[in-house]
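Notes to accompany the following structure.
Heads up: numbering here begins at 1 and tracks the sequence.
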Amino acid sequence: MSINELIDRATVEQQEEKKKRRKKRRPKKSDAEKKNRSKLLMQIMNGDFLSKDWFINHLPFTFYVGFLLVLLIGWGYYGETTAKKEVQLQEELSELNSEFFTLNSEYITKRGRQQIKNRLEGTGLIESRVSPKKIRVRKYVFE
């Protein structure tokens with residue numbers, strides 16, 4: 001059927017009825033099922049389910065699931081402590097960076113020519129008025 005074809009009202013109603021029937025097919029829970037669920041809940045609360053045959057038969061799988069749960073909890077704690085350490089190291093790094101920049105700026109100001117001259121004034125050392133010269137050695141002079 002193409003999109004542009006005319007559809008009878010009867011066929012549309014039949015399609016709607018089919019949709020309603022599909023929705024109504026869900027089975028309703030009986031009183032017996034409700035009692036079984038409450039009974040199961042009571043067995044879990046009392047611990048009676050631990051002595052059932054199906055539980056004992058599946059005990060290795062239960063231990064495996066328990067082990068995975070313990071592993072998951074441990075992994076969570078490990079991740080938490082790692083995140084805390086990372087934050088602590090980031091704070092320490094920022095403190096060390098600020099200290100480095102402070103000390104570097106102090107060093108730059110103290111290494112200036114005038115600052116060195118002022119600090120050495122009392123020791124008797126004076127600044128040389130002659131500029132330094134390079135000593136050049138020719139190759140093969142010592143042969």
- Is the number of heavy atoms from other residues, nucleotides or ligands under 6.0 Å of Asn57 CG greater than 12? yes
- Query: Other hydrophobic cluster members with Leu103, side-chain heavy atoms of Ile/Leu/Val/Met/Phe/Trp/Tyr under 4.5 Å, chained?
  - Reply: none
Pairs under 3.5 angstrom only: tabulate donor-acceptor contacts from the side chains of residues 61-77 to other protein residues two or more places apart or in another chain.
residue	atom	partner	partner atom	Å
Thr62	OG1	His58	O	2.9

- Task: Could you identify which residues cluster with Met42, counting Ile, Leu, Val, Met, Phe, Trp and Tyr as linked when any side-chain heavy atoms lie under 4.5 Å apart, either directly or through a chain of such contacts?
- Result: none
Donor-acceptor contacts, no H, no angles, side chain residues 88-95, under 3.5 Å, sequence neighbours left out:
residue	atom	partner	partner atom	Å
Ser94	OG	Glu91	O	2.7

Pairs of donor and acceptor atoms involving the side chains of residues 108-121, under 3.5 Å and at least two apart or interchain, shall be tabulated with distances.
residue	atom	partner	partner atom	Å
Thr109	OG1	Ser105	O	3.3
Thr109	OG1	Glu106	O	2.7
Arg113	NE	Glu127	OE2	2.7
Arg113	NH2	Glu127	OE2	2.3
Asn118	ND2	Gln114	O	3.4
Arg119	NH2	Lys110	O	2.6

- Hydrophobic cluster (4.5 angstrom, side-chain heavy atoms) - remaining members for Ile126: none
- Message: If hydrophobic residues (ILVMFWY) are linked whenever their side-chain heavy atoms come closer than 4.5 Å, directly or via other members, who joins Ile56 in its cluster?
- Response: none
- Drop me the distance from Thr11's OG1 to Glu16's CD, to the nearest 0.5 angstrom. 10.0 Å
